[in-house]
Undergrad: 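My structure is below; once you've seen it, I'll send some questions.
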Amino acid sequence: AERRPTELVGVVRRAFDLLRPRAERQKVELAVRADGEVSLVADPNQLHQVTVNLGLNALDAMPAGGTLTVTVCRRGGGVAEGGGRAGGGG
């Protein structure tokens with residue numbers, strides 16, 4: 001577990017790249033919203049695995065399709081925060 005400065009938006013985009021084939025089969029659109037570059041000190045491999053797992057869980061909950069949006073932004077004190085929203089389709 002090597003902690004180092006990690007760009008969070010890039011981690012989310014790489015996780016979405018892995019999830020995209022399944023998302024397309026399920027008719028789920030993947031979206032990342034970001035207020036520019038957001039970095040934090042973390043183990044990038046663990047952060048990637050957590051992001052993939054959260055994405056898989058969201059896809060499991062969206063069998064009818066929809067949009068999975070992850071928003072990454074800075075909140076006071078320079079702390080990175082993430083949020084997610086899954087919207088079901090029709």
Side-chain angles (χ1 to χ4, degrees):
E2 179 187 333
R3 293 171 47 98
R4 62 180 188 259
T6 303
E7 206 283 303
L8 186 56
V9 176
V11 170
V12 173
R13 289 189 197 281
R14 284 188 296 280
F16 273 15
D17 286 344
L18 288 176
L19 297 171
R20 189 158 283 109
R22 177 175 167 190
E24 288 173 353
R25 284 193 305 274
Q26 288 183 225
K27 300 191 182 334
V28 173
E29 178 184 348
L30 301 176
V32 179
R33 293 188 183 155
D35 292 342
E37 188 174 298
V38 178
S39 295
L40 67 157
V41 177
D43 179 322
N45 295 321
Q46 287 183 348
L47 195 54
H48 180 263
Q49 188 61 54
V50 166
T51 306
V52 169
N53 288 343
L54 289 170
L56 289 170
N57 289 345
L59 291 174
D60 285 346
M62 302 173 70
T67 302
L68 172 59
T69 303
V70 172
T71 303
V72 180
C73 60
R74 290 189 169 277
R75 298 278 187 221
V79 176
E81 289 190 5
R85 186 174 68 81

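Here, residue 1 is the first one in the sequence, and each next residue gets the next number.
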Undergrad: What side-chain donor-acceptor pairs closer than 3.5 Å can you find for residues 9-17, not counting sequence neighbours?
TA:
residue, atom, partner, partner atom, Å
Arg14, NH1, Gly10, O, 3.3
Asp17, OD1, Arg20, NH1, 2.9

Undergrad: How long is the straight-line distance from CD of Glu29 back to OG1 of Thr69, given to the nearest 0.5 Å?
TA: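 Taking OG1 in Thr69 and CD in Glu29, the distance rounds to 7.0 Å.
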Undergrad: So how far is it from Arg74 CZ to Glu37 CD, rounded to the nearest 0.5 Å?
TA: 8.5 Å
Undergrad: Looking only at heavy atoms, what is the nearest atom pair of Arg22 and Leu59, with distance?
TA: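 Result for this residue pair: NH2-C, 3.7 Å.
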Undergrad: Can you get from Leu30 to Val52 by hopping between Ile, Leu, Val, Met, Phe, Trp and Tyr side chains that sit under 4.5 Å apart?
TA: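 Leu30 and Val52: one cluster.
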Undergrad: Which heavy-atom pair separates Leu68 from Met62 by the least distance, and what is that distance?
TA: N-CE, 4.0 Å
Undergrad: If two hydrophobic side chains count as joined below 4.5 Å and joins carry through other members, does Val38 share a cluster with Val50?
TA: no
Undergrad: Taking a hydrophobic cluster as the set of Ile, Leu, Val, Met, Phe, Trp and Tyr residues connected by side-chain heavy atoms closer than 4.5 Å, whether directly or through intermediates, do Val70 and Leu40 fall within one such cluster?
TA: yes
Undergrad: Rounded to the nearest 0.5 Å, what separation is found between the OG1 atom of Thr6 and the CG atom of Asp43?
TA: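 The CG atom of Asp43 is 7.5 Å from OG1 of Thr6, to the nearest 0.5 Å.
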Undergrad: side-chain contact (heavy atoms from CB on, under 4.5 Å) between Gln49 and Asn53: does it pass, once the steps are laid out?
TA: CA-CA 6 Å; Gln49 188 61 54; Asn53 288 343; 3.1 Å; yes
